[in-house]
Amino acid sequence: MNYTLPEIADIIDGKLIQPPGLVHSEIKTVITDSRTFSGGENAIFFSIQGPRNNGHNYIKELIAKNIRAFVISEEGATEPGAAFILVANTQKALQKLATFHRKKFWDPVITITGSNGKTIVKEWLYELLSGEFKITRSPRSFNSQIGVPLSVLLMDNVYNLAIIEAGISQPGEMQNLVDIIRPDIGLLTNIGDAHQENFVSHEQKTKEKLQLFKSAKQLVYCADDPLVKKLAGEFCTAHSIRKVSWSLQGNEGFIQFRAQIGNNKTAITATTKTGNDNFEIPFTNHSAIENACHCFAASVILKPDKFEFLHRFSLLEPIAMRLEIKKGINNSLLINDYYNSDFTSLTMALTVLHQQAKKGFPKKMVILSDIQQTGIPPDELYKRVNHLLLEWNIDEITGIGPEICANAKQFSIPGKFYTALSDFEKDFNREKFRDSAILIKGARKFTFEKLSALLQRKANQTVLEINLNALVNNLNIFKSRLNSGTKIMVMVKAFSYGSGDTEIAKLLQFQHVDYLAVAVADEGVELRNAGIQTPIIVMNPELHSFQHLIDYRLEPNIYSVELLQDFIKSTSQNALQNFPIHLKLDTGMNRLGLKTEKELEKVISILQSEKSLKIKSVFSHLAASDEKAFDEFTNAQFSRFESAFKKIASQFNYKIDRHILNSAGIERFPEKQFEMVRLGIGLYGVSVTGLPLENISTLKSTISQVKTVRPDETIGYGRKGEVNKLSKIAVVPLGYADGLDRKLSDSNGSAIVKGKKASIIGN
Ligand SMILES: *Cc1c(COP(=O)(O)O)cnc(C)c1O
């Protein structure tokens, strides 16, 4: 995009407040999230007020990063040195700008909505059609009321096809998106249970989603769901839309598919009036087959060259935009992203590099392949890449590929360039990457996974894989149950419940959680050394660690009179004032905490005359918040907590926060959220009330050997494993020493092998 500031003010009906003498260049990018922006002058920031975050709070920080143009809705938010456009509602203004921008794009726009599979269908369509079209598409899963306009604003005349993803979580939202997107080809993936809590029925939700396609010319849908078939069919007839329906089960439709599931792959035949087409996908699960059928149906409308296009199905990858973080050699950190290589996803990946590098890794390096299919001339493209790397303070680039190599002169940051991966391998120097955070980003054909293997610390074939996207999803589900002002403390004790030491804390800091909690001081020191600035509370502060608490600004949980007295010795020696502490009350758990009236009075009287400390919060822990049978007990804990708090608060003339809810408490007693809550196991995917949380971790290993076992033989220790027919038994190099609980013996646990469940046999 390319607009002047007065043009934008005009388009969004805003009042331009421009200090005299401030000259403005063209506006080329729109930003709504200060964290994913590194600097630069051609940007405008829309200060959006979300349920938990207010964009207006980041204006000063962004001026420091050189942004000179802002859209605001709070009159008092202006600052010297920048121009402002004042509007009534910044989100609506963003949507207006996108609506205007959309009208300048003449080429086909495919729009995908539905409950599941939107992002994967979008990414697959991109892979399948990239050979013939120059495509712009929604970044990641930008499908919301803000994500859709941002995606539309990426449309540009260098492209000749746009693929936009749209999602809704509430009735009424689709109407806002209709004018912004104005799709030519609609695609409805399926209707499942996502966001069902906000809709009265599947029928209402389906009808709402269909609204998006009112002005479309063609609509792709699956005729195997009777509800979709009926509603989409009626909708198309009512709005004169061509029906591109398909079926895998022989239902009436424009395309008939037949799927033959084999070993590791599925052969699919598509039958239309003009004949049969055959293709193969490297998956066997139902949702992949369904997604592939959607992709075929949407693509044939655009009449691609059949030979190339059908072949590409066999090359599809599971999740196209997955990023991996791994420990590398010589204390390095690897961020692997070798599925995508476009410009937008480079920005995203640099954000992750920045977020993970922090203090722990003094150097930031990028290994980059040729960037493909951008539509931008190569010299211009690599100039832009160099600019981006400069903005993110990257220390060094390694470029691999003929095109990036030919454009080496566009880079002003230090770098080395190779035409092929084999040249890099010959020149490989392990020392060079010491103490670095390294982003490895390449298009698939450059096979950067080999490069990553060179840099990866040699590890067991067994890994516990943590899905950080799932973790953010879980965090947001809990956030959505809280009032907008309630703070969140996240428990990252014991290496984030066993799922990583600093990576999760870095992600949580990026997500603006208010507090992190660790068990002992050493864990807190490690987080501070990794660059975590979020306030940290230490649940079990040990005597010998007090100096660390003070030096690293770790806030102790004070749970006894003795602990308080000991800690005061340290704070007064350090001549501190108002060092934050947290008082823990024992209201029934009978673990750590001040229990008796006498203890509480003593603590109050000590603190009243002690200037070196300040009570930041008073808290307690619920013993049985997940069990309905004990709700009476839990309620008694609440009232003990509240009356003890009153007693404390009345003795101090400053504000003190309260918190008592753990994960199950947040789910079951949201009315007791007070000023803060403490989220623990819920973040890691466990819900007691059936919240739609995602599993965040997967233990993966390999099969070392396969045995054929007869019924007269036994398997394993104590001869516990028996079979009743000739059976194939896989041996996996994994046992209780690796954390696989022995209780999972004897079919209590199982593994997934190529998508099928296989029980653990024997001990
Ligand atoms: C671990 C812990 C929590 C979190 O509990 P979950 O049940 O995992 O949510 C909360 N508060 C304290 C004091 C804890 O130690």
Side-chain angles (χ1 to χ4, degrees), residues 466 470-471 474-482 486-501 504-505 508 513-524 527 534-542 554-560 563 580-595 615-628 630-631 633-634 637-638 640-641 644-645 657-670 672-691 693-697:
I466 309 296
L471 195 114
N474 295 348
L475 176 66
N476 286 334
I477 287 175
F478 278 94
K479 272 187 182 175
S480 70
R481 307 183 69 78
L482 298 173
T486 308
K487 296 177 200 163
I488 295 190
M489 175 183 294
V490 178
M491 312 308 289
V492 294
K493 58 190 176 195
F495 301 125
S496 298
Y497 289 45
S499 39
D501 40 27
I504 289 179
L508 292 168
V513 307
D514 301 279
Y515 259 96
L516 295 171
V518 295
V520 292
D522 284 353
E523 293 179 80
L527 296 186
T534 307
I536 296 175
I537 179 169
V538 176
M539 286 299 169
N540 195 357
E542 295 155 305
L554 306 170
E555 307 174 12
N557 161 24
I558 299 293
Y559 56 81
S560 73
L563 181 65
I581 60 165
H582 303 262
L583 295 185
K584 186 169 187 191
L585 309 178
D586 180 0
T587 55
M589 179 78 120
N590 277 317
R591 292 188 348 194
L592 297 181
L594 301 161
K595 188 173 178 182
I615 311 169
K616 271 295 268 286
S617 78
V618 170
F619 71 108
S620 188
H621 201 19
L622 297 173
S625 58
D626 55 342
E627 285 192 54
K628 203 170 174 7
F630 293 124
D631 280 359
F633 179 84
T634 303
Q637 279 198 279
F638 288 135
R640 263 174 248 145
F641 176 64
F645 175 80
D657 285 347
R658 296 164 288 176
H659 44 109
I660 189 166
L661 298 183
N662 62 344
S663 307
I666 301 172
E667 290 185 54
R668 299 193 57 239
F669 303 95
K672 297 292 182 192
Q673 58 188 274
F674 300 118
E675 286 76 39
M676 182 146 77
V677 296
R678 298 188 307 274
L679 179 60
I681 194 144
L683 183 72
Y684 307 97
V686 178
S687 164
V688 292
T689 61
L691 294 180
L693 303 178
E694 287 176 34
N695 167 40
I696 71 148
S697 58

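Numbering of ligands and ligand atoms starts at 1, following listing order. Values in this document were obtained by computation on a predicted structure and should not be read as measured data.
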Between S499 and S697: side-chain donor-acceptor atoms closer than 3.5 Å =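 Not at all, the side chains of S499 and S697 share no donor-acceptor pair under 3.5 Å.
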Distance-only donor-acceptor check, side chains S687 and E667, under 3.5 Å = yes
Which protein heavy atom lies closest to [atom], and at what distance to 0.1 Å?
atom	answer
atom 9 (O) of ligand 1	S663 OG, 2.5 Å
atom 2 (C) of ligand 1	K493 NZ, 2.5 Å
atom 7 (O) of ligand 1	N662 ND2, 3.1 Å

Do the side chain of E542 and the main chain of A521 share a donor and acceptor less than 3.5 angstrom apart?
-> no
State which residue, out of H621, Q637, K595, fulfils the side-chain hydrogen bond (donor to acceptor under 3.5 Å, both in side chains) condition with T587.
-> Q637
From the list V518, V513, D514, side-chain contact (heavy atoms from CB on, under 4.5 Å) with L516 holds only for V513
Give a yes or no on whether the ring-centroid distance for F669 and F638 is below 6.0 angstrom.
->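 Centroid separation for F669 and F638: below 6.0 Å.
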Going by the order shown, which atoms of ligand 1 are within less than 4.0 Å of some heavy atom of R678?
-> 10 (C), 11 (N), 12 (C), 13 (C)
Near Y497, which atoms of ligand 1 are under 4.0 Å from a heavy atom of that residue?
-> 1 (C), 4 (C), 5 (O), 6 (P), 8 (O)
Taking the non-hydrogen atoms of M489, is any one of them nearer than 4.0 angstrom to ligand 1?
->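 M489 does not count as a contact of ligand 1 under the 4.0 Å cut-off.
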Heteroatom distance test ([X], ligand 1): nitrogen or oxygen, under 3.5 angstrom:
X	answer
G680	yes
I681	yes
R591	no

Check the surroundings of atom CZ in F630: do more than 12 heavy atoms from other residues, nucleotides or ligands lie under 6.0 Å from it?
->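 No - once you tally the heavy atoms of other residues, nucleotides and ligands closer than 6.0 Å, there are 12 at most.
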